[in-house]
There are 2 protein chains.
Amino acid sequence: MITIKDIARHANVSPATVSRVLNGKAWVSEEKRRAVNEWITRLGYKPNQVAQTLVGTRSFLLGVVITDVSNPFFADIVKLLQQEAFLSGYAIVLCHTNAAEDIERQQVDSLIRRQVDGVVIVPCRAESPGIRKLRQAEIPTVVVTQQHPELDSVCVDHNAGGAMVAAHLLSAGHTRLAYFGKKQDAKFNGFRREAAANGVSPDRIPCVKVDYDSVETIDVESTVRRFFDSEEGRQTPGVFALNDFVALAALNTAAEYRRRTPGDLSVVGFDNTYLARIHRPSLTSVAQPLQEMAHRAIELLRRRLAGQGDNEPNLTLLQPRVVVRRSSSREAGTDSEYSLEDTAELPNGATRSTGEGN
Amino acid sequence: MITIKDIARHANVSPATVSRVLNGKAWVSEEKRRAVNEWITRLGYKPNQVAQTLVGTRSFLLGVVITDVSNPFFADIVKLLQQEAFLSGYAIVLCHTNAAEDIERQQVDSLIRRQVDGVVIVPCRAESPGIRKLRQAEIPTVVVTQQHPELDSVCVDHNAGGAMVAAHLLSAGHTRLAYFGKKQDAKFNGFRREAAANGVSPDRIPCVKVDYDSVETIDVESTVRRFFDSEEGRQTPGVFALNDFVALAALNTAAEYRRRTPGDLSVVGFDNTYLARIHRPSLTSVAQPLQEMAHRAIELLRRRLAGQGDNEPNLTLLQPRVVVRRSSSREAGTDSEYSLEDTAELPNGATRSTGEGN
DNA sequence: TTGAAAGCGTTACCAC
DNA sequence: GTGGTAACGCTTTCAA
């Protein structure tokens, strides 16, 4: 390995000077600077990041903690995060939690030992032990996909997304709606809110509880089946599911019940994974601006690392958009986009320093 | 940060001794060892891996270079690799190449600068610049998903996989077959070989050229459409596709042509991603033993890192198996497994130090 | 068995 | 402006 000293020796300067031209901080005479640069290229010198880390600057390593890359939604995020990070000279250390708090803790521990400069995390819950560790180790952290009261976070406005879906289904003429997910979901709130605003009593929108953890856990189908077996289920033409997996389970199950889609039943998913594109019928789904999210997340981290930014946690709340496909259209037609405020495409992204939703 | 010196001070020993009990190499008196361990837990000491790396031992970092995690097949591998690595105390630095050689090179460069102990790579081609760099930097490397003449590699026997598919389709009564992929694919060879062994002339099996790079590139459909438009395509009931994406494209396109599956047309994919499970009709696909592959890959790396193992490249060739689903069954039925040698499940994995296939 | 001390490759502080 | 030098936290001689 060729070091800073080798360069120094060849260029007849001190290691300190080499370091200086490398970091471009202090002034170095034009003459020496050229000599140093000359030898750097000549010997193909590459700074040893490990040494740089040790002296306490930075590791150029970012941790990414996610429940499961097998989930295509997370896979997309991870990919974009890696690419975005790379542009800033950072590499990504990937960790899985399987949505288990103890594993999350272990993984976070390992990241801390590795001196990562920052972490992007999709936590189990806002107060997960992993999050706590990160905070007490004072490692810049940004939470993605969820809001966090005391950390930087970037996510989509789930509440608004839910409202968009309600608006869409209502405009398709459906007045009997159902939600597949958890009662507390912000999507569900938005969904109900918008329904109410259009004269559909929120109390008449059942929430079919779906415990969705990972790709593996597809006991979803039995739940869905139970719903379609019920009187209520038989009469509901408008279904909104917390994500594409569940939506597809609904779609597939509905087919077993001879309910045609589109036609008898409309289903809308969330996340707009490519599953929505590939499946037949194709699935209407709420798209999150992933590229934007990844960009913002890394940007937030960079700011913290540069020591900029107040201590206030920054909440970046982006606007989702509904991508309409066959599963919710009354007639055959090409896919199109839709959003609450306008049928045209939203300038998908808006930052507020605070806000509700999620 | 609490260091080795802190422990030393508290335990009334020298830093060297602390290091010794930590690494368990040299003898340390029972008394001091206990004292040190006591303080280690008491102060919650965690070794600084960066410092350890600098002194030249190891970084505990493994690079994973893959074309695209958005591909569920790769996502699964990455996940398993990470989990497997974690068990051995390693973390994973994830890199994307987008199947582009120059990006691969850049990513590999960054891994080398980071002093990763080893790399698991899905290379663009055997002689990609990334691979070359890795070799000249003498970083232990294992190639997964492909064979490599001069590096450790672990992959499935594609040739055998292709043969299994042929056997399966033939046993379903199809004698007119087609392959969607590239002529040189080992799968295709195996497919033809087995067909020939059963009296179906390989020359009568067309290879519909599909250029599949990533999830994004789904111009696949037009190619597929062109095939179904042809006389040849209209009469082919048995299709084998190089992966699940292409298989699904075939399935979906076939539906547009009113070709019923199962019934008029059978389609078999490769990789057995969850897409195969989720899609309707569900897709018969060749499964790769991913867990086993990840395990072997990490194991190979560990061996190299321990300085064990001859200099011979090790080829670990595992056996795939066919998971039969609706897309290739003549009647409704539950999913089942199938393999060339036996209808029962294969002891899925066999190592040879060399072998053809792929 | 144990301690002192010399690095590992950089950065940063302090003189000159 | 520039060079010496002391860290950073750890491992590993080399003596004792």
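Protein chains get the first letters and strands the later ones, always in sequence-line order, with residue 1 at the start of each. As the structure is a prediction and not an experimental result, all values here were calculated from the model. Computation of the quantities below employed the complete heavy-atom set of this structure, encompassing side-chain atoms and omitting hydrogens, waters and symmetry-equivalent molecules.
- In the 5' to 3' direction, nucleotides of DNA chain C lying under 4.0 Å from heavy atoms of chain A begin and end at C:dG9 to C:dC13.
- A pairwise comparison of heavy atoms in B:A8 and B:P15 identifies CB-N, 3.6 Å as the closest pair.
- Here the closest heavy-atom approach between residue A:L61 and residue A:Y90 is recorded as N-CD2, 3.8 Å.
- Screening B:K133, B:R105, B:E104 for a side-chain hydrogen bond (donor to acceptor under 3.5 Å, both in side chains) with B:S128, the sole residue that qualifies is B:E104.
- The heavy-atom pair separating B:H96 from A:K79 by the smallest distance is CE1-CA, 3.3 Å.
- Applying a 4.0 Å cut-off to non-hydrogen atoms, the residues of residues 30-58 of chain A that approach DNA chain D are A:K32, A:L54, A:V55, listed by residue number.
- An end-to-end axis angle of 50° holds for the helix from C:dT1-D:dA16 to C:dC16-D:dG1, taken from five base pairs per end and rounded to 10°.
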**OP:** Given side-chain contact (heavy atoms from CB on, under 4.5 Å), test A:F74 with B:V69 step by step and report yes or no.
**Re:** CA-CA 9 Å; A:F74 290 138; B:V69 250; over 6 Å; no
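- Exactly one residue among B:I121, B:L301, B:L300 makes a side chain to side chain contact (heavy atoms under 4.5 Å, CB included) with B:T141. That residue is B:I121.
- In terms of heavy atoms, B:V142 sits closest to B:A297 at CG1-O, 3.6 Å.
- When the C1' atom of D:dG9 is taken as reference, atom CZ of A:R113 falls 15 Å away, rounded to whole Å.
- By the 6.0 Å contact criterion, CZ on B:R302 is open, its count of non-hydrogen atoms from other residues, nucleotides or ligands being 12 or less.
- Between the side chains of B:Q115 and B:T53, not a single donor N or O lies within less than 3.5 Å of an accepting N or O.
- Nearest heavy-atom pair across B:L80 and B:A294 is CB-CB, 3.6 Å.
- Residues of residues 1-11 of chain A that place a heavy atom closer than 4.0 Å to DNA chain D do not occur.
- Listed by chain and number, the residues in a ring-ring contact (aromatic ring centres under 6.0 Å, His included) with B:H10 are B:W39 (sequence neighbours excluded).
- No option in B:Q288, B:H295, B:R296 other than B:R296 meets the side-chain hydrogen bond (donor to acceptor under 3.5 Å, both in side chains) test with B:E292.
- Looking at every heavy atom in both residues, A:D117 comes nearest to A:S59 through OD1-N, 2.8 Å.
- Under the 3.5 Å distance criterion, the side-chain polar atoms of B:R20 are left unmatched by any main-chain donor or acceptor of B:A26.
- Residues from residues 14-27 of chain B lying near DNA chain C, meaning a heavy-atom separation below 4.0 Å, are B:S14, B:A16, B:T17, B:R20, B:W27 in numerical order.
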Original post:
Can you list the steps and then say if B:N48 with B:T3 is a side-chain contact (heavy atoms from CB on, under 4.5 Å)?
Top reply: CA-CA 8 Å; B:N48 181 331; B:T3 82; over 6 Å; no
